[in-house]
Each structure stands twice: as C-alpha cells, then as structure tokens.
Amino acid sequence: MKSENDSRIAEFLLLEFSEDLDRQSFIFVLFLFMYLVAVLGNLLIILATISDPHLHTPMYFFLSNLSLVDIALVTTTVPRMLVNMQTQSKVITYKECLTQMYFVMLYGMLDVFLLTVMAYDRFVAICHPLHYMVIMNPRLCGLLVLGSWVTSVLHAFLENIMALQLAFCEDVEILHISCELKQLIQLACSDTLPNNMVMYFSAVLVGGGPLAGILYSYSKIISSICGISSTQGKYKAFSTCVSHLSVVSLYYCTGLVVYLSSAAARGSWLSSVATVMYNVVTPMLNPFIYSLRNKDIKRALEAFFVHNKEFSRTKEFP
C-alpha cells in the first residue's frame, strides 16, 4: 500500500482482536449476536413507548430517543467490522474513516446529553412532583432533545474539521474495531498539539459539564429521598433512578478509559476493550437494564404482542 505524507492518505487498516481464523469466527458470531440483541432490544423499547399511551411521558420520550441513538451507534461500527471479517479485508478508506469517526462522536455525545436530560427529568419528578407535568411540558422536552442534537452535531463537526488538518505517514494501522479520534491523532506525523488541546478541552466541556449536571441532579434527589419519612417511599423513589444510574456508570467509566485515561495509549488492550464496551456492549445492555426492572415497559410489550396475536387470529378466522 502506498502511503503519502499528507492528510489525503488513501486508506487505513482496522486491526481487530485476532489474526487467528478460528478466533475470528468466534468473534464474528459474538459481535453479530451482540449487534442483533442491541438492535432488537432497543427497537422493543421504542415499540413499547409508541404503542402504549401510558408511556407517553417525558421519561419514556427521552428513553426512546436514547434507544434510537444506541441503534445508530452500534450500526455505525459493528456491520463494517463484520463485513471486514467476512471478506478478510482490514482496509477502510480515508473518507470512510472520517465519516465513521464523525458518527461515532455524534451518537456517543448524544448518549451523554440524553442521559443528562434524563437525570434532570428524574430530579424534577422526585424533587418537584406536584409541578412535574408543568415543568416537563412537551415543548421543553422537544427543546432539550433538539439542543442535544445541535450540540452533538457541532461538536462532531469541529473535531472532524480538526482531523482534516492532520498529516499521516507510513503507520496507518488503527488498533480498534472502528476509527477513533484519539487513534487518528496518535497516528499523525504532523503537529497534533491543536488537536489534542481541542479534544481534551471538548472532553472536559461536553463530557465533564453533563457529568456535573448529573451529579448535581442526584445530590438534590438524594437529599429529597432522605427527607421522605417512610422506608417504602424512599425505596420507590430511588428505584426509579437505579436503571439510569447503571447506564450512566457504564458510559462514563468506559468513555473515560478511552478518551481521558493515560492507560488508553495506542495499542492498549484496555483501550480496545473499553471501546467495545462503549460502542457495543453498553447499547446492548441498555434495554435489559431499563426493562428488567420496569413493569410499565413489560406490560406495554405484553399488551402489544397479545393485541397483535388476537388481530392475526381475527384476520385468519373472520
């Protein structure tokens, strides 16, 4: 492969976990399974929230948006990896790499903002229950989601513009399942100081800012829960936050390893595992985390399938 010392290098190599064909077969089946589970599980969440009028509330509106973004995130990375493994090709073109990186950043940041919005929703529901429907009105909910999209699009666009300025030399091997901003910066042979400054500044601003908002919301929530006299009331209030806290922990722990931790150096096994956790495993686990403890979603799905089963029978036997 011919390499050029400019930013228009023709292609990169995506190196998956193993060169062994037997192991690759196992990894292919594993990632295909995780992808199908992630897509199906998140589709069921969306289906439940749309089909049941009782779930037409701000909390489930934000949850369905999170599920939609998770589907988009896994679809951005996993299918390309599976195709490369089947064709035994590790090549991804320069344009495809930047496009994939843009959407990975876009959907990853959207997840962070939506989780922050969901924390605010729980804060209003627990700390101001009597004014909940007034504060979390449809207009505000729509603006919060729209603001999340606009901010994420602009952030991903800025990072991509900065990546376009990078020049690459001979080493164009990306030791991940997808194109990651940190990996591209480490591969560059030009001055990467501006890119590193923008990357870390934006990580602190658009990553740390939402985290501060989540922590503030939960400090108020915990304070309100402690003020509840009955043990049953405390349990009921806190149980509505457990699923959200679990997902927040997964996203931030894996995201910090990928982007901020010094351990996530190029070629690090920990960095590769964290990337898979962030881009694949967490979107796959979200539906289980939210649905296993959520009676409303279970009831909505049961009602949907029962209704469709009865409808099919009436069509079959009029």
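None of these values were measured; they are calculated from a predicted model.
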Is there side-chain contact between Thr151 and Met109, with heavy atoms separated by less than 4.5 Å?
no

Do the non-hydrogen side-chain atoms of Met81 and Thr77 ever get within less than 4.5 Å of each other?
no

In terms of ring plane angle, is the pair Phe103 and Tyr107 parallel, tilted or perpendicular, where the classes change at 30° and 60°?
parallel

Taking atom CD1 of Ile92 and atom CG of Leu98, what is their separation to the nearest 0.5 Å?
9.0 Å

Would you say the side-chain atoms of Asn65 pair up with the backbone N or O of Phe61, donor to acceptor, closer than 3.5 Å?
yes

For the student: nearest non-hydrogen atoms of Val74 and Asn279, plus distance
CG1-O, 3.3 Å

Atom pair CG/CH2 of Leu146 and Trp149 - distance to nearest 0.5 Å:
10.5 Å

Indicate, with yes or no, if the rings of Phe62 and His244 have centres closer together than 6.0 Å.
no

Distance in Å, Leu110 CG paired with Ser152 OG, rounded so as to fall on 0.5 Å steps:
3.5 Å

Can Tyr132 and Asp121 be counted as having a side-chain donor-acceptor contact under 3.5 angstrom?
yes

So, Ser202 and Glu159: side-chain donor and acceptor under 3.5 Å apart, yes or no?
yes

Please confirm whether Tyr60 and His54 have ring centers closer than 6.0 angstrom.
no

Side-chain touch Phe288/Val37, heavy atoms, less than 4.5 angstrom
yes

Interatomic spacing from CG in Asn286 to CG in Asn42 - rounded to 0.5 Å
6.5 Å

To the nearest 0.5 Å, what is the distance between OG (Ser51) and CG (Leu44)?
10.0 Å

Verdict with supporting geometry, Tyr102 and His155, ring-ring contact (aromatic ring centres under 6.0 Å, His included):
CA-CA 9 Å; Tyr102 173 83; His155 168 255; 9.7 Å; no

Do we see a donor-acceptor contact under 3.5 Å between the side chains of Tyr35 and Thr75?
yes

